[in-house]
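Take a look at the structure set out below.
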Number of protein chains: 2
Amino acid sequence: MLKLTKKADYGLMALKYLAEHPEMPALSAKDIADAYGIPAQLLAKILQQLTKSGLLRSHAGMNGGYALAREAREVSAFEVILAIDGPFFITSCTKGKTGCELTPSCTIREPLARVNDTIAGVLKSISIQDLAEHEHPPGHAREASALVELTL
Amino acid sequence: MLKLTKKADYGLMALKYLAEHPEMPALSAKDIADAYGIPAQLLAKILQQLTKSGLLRSHAGMNGGYALAREAREVSAFEVILAIDGPFFITSCTKGKTGCELTPSCTIREPLARVNDTIAGVLKSISIQDLAEHEHPPGHAREASALVELTL
DNA sequence: GAATACCCGACTTCTTCGGTCCGAGTTCAG
DNA sequence: CTGAACTCGGACCGAAGAAGTCGGGTATTC
Ligand code: SF4
Ligand code: SF4
């Protein structure tokens, strides 16, 4: 019901954590998992997916771990979700497999596609840094905002 | 994975169909189901939920059926989703039951709540009539749009 | 070469979703 | 008044997906 997967959730947390510790050359999956109480093995697999998608860079061996492949500012929440949960579609008519069979007669599909794009736009306008910056604002001077246009 | 339920999907279709036929005093669940190829029994239950939420008005007996309780313009997609799928939350931390147990240590929750509100705002800005109006535009003169502000 | 860490697929468990069935109650035409 | 046409509402089930676990394999460093 229009809910984010916990995997994506964890992924965002991990990315944010990495963005907050740029001084470390690499952080292991276990480090991050312990920091938040996430099941380590699960987080590991998520980070692997992010690596495969080019969002992270991994390094094996001792003192190995993961590091951001790009600047935190340059990574959007949309990419993270895309990498973890696959193609982003609000509706079930993905045109691929398991699509809704009443696609032809459906009159609501095209308007919903626009909504889909709008939401995707919202997600794209959020970077990892946006998440990291808003760290318990002591002086709430920082204010970021974006306008998203919804066309029907 | 951030996907609308088919129930909500069907609900929107039904609402739109009703909005397109204001001349009928009432349409039965079967009528609507046949028009789109939706499983009739399922649609029936969805319409019942919408009735219980006050979006529809039902009339039993022969020539009975459902009719819009409000103007199509006054019903938002958000209300429909809310009525069918329950409380709207992007994340798993609903503060109710089955919530995420690492809520206290989670640093990503508050920013995500804002995203949640933003998306809810998008949904709220869409009315049933918006869906119905955009009916295969012969002259594509009609253009509706809305701006949604996203504050981080 | 041993410790550390990533890599990756298979598997189990649990929840939700999509859908069906059936036994009521209501209304109205004939 | 009787029965067809409709709504109402809960119980039920199978399939799919999500969350999490296990285990074996590979790379890197000390
Ligand atoms: S085709 Fe219509 S009913 Fe089917 S998933 Fe897409 S929007 Fe929903
Ligand atoms: S508390 Fe954090 S990790 Fe848990 S569901 Fe909410 S946002 Fe996700």
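All values derive from a computational prediction rather than experimental measurement. Scope of the values below: all heavy atoms of this structure, side chains included, with no hydrogens, waters or symmetry mates. In what follows, chains are A, B, ... by sequence order, proteins preceding strands, each numbered from 1.
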| Has the side chain of B:D34 got a donor or acceptor atom that lies under 3.5 Å from a matching backbone atom of B:D31? | no

| said: Tell me if the aromatic rings of A:Y36 and A:Y17 count as close, with their centers under 6.0 Å from one another. | reply: yes

| request: Check whether any side-chain nitrogen or oxygen of A:Y10 sits under 4.0 Å from OP1 or OP2 of D:dA19, and answer yes or no. | output: no

| From the list D:dC8, D:dT29, C:dC6, which nucleotide is the closest neighbour of the side chain of A:M62? | D:dT29

| said: What is the distance, to the nearest angstrom, from the CE atom on B:M1 to the P atom on D:dA16? | reply: 15 Å

| said: Under a plain distance cut-off of 3.5 Å, with no hydrogens placed, do B:T91 and A:K3 share a side-chain donor-acceptor pair? | reply: no

| field | By side-chain contact (heavy atoms from CB on, under 4.5 Å) - contacts of A:A8 (at least two apart) | value | A:L4, A:T5, A:I81, A:D85

| said: Rounding to an integer number of Å, can you tell me how far B:D9 CG sits from C:dC17 C1'? | reply: 13 Å

| task | Could you state the atom-to-atom distance from NZ of A:K3 to P of D:dA16 in whole Å? | result | 22 Å

| query | What residues, two or more places apart in sequence or in another chain, satisfy side-chain contact (heavy atoms from CB on, under 4.5 Å) together with B:N63? | reply | none

| task | Would you kindly give the CG-to-P distance between B:L27 and D:dC6, to the nearest whole Å? | result | 11 Å

| Heavy atoms of other groups near A:R57 CZ, more than 12 under 6.0 Å | no

| field | Residues within residues 33-59 of chain A bordering DNA chain D, heavy-atom distance below 4.0 Å | value | A:P39, A:Q41, A:L42, A:K45, A:H59

| query | Any idea which of D:dT7, C:dG19, D:dG20 is nearest the A:K6 side chain? | reply | D:dG20

| remark: A:K30 NZ to C:dC7 C1', in whole Å, measures 18 Å

| Could you state the CG-P distance from B:L2 to D:dG17, rounded to the nearest angstrom? | 16 Å

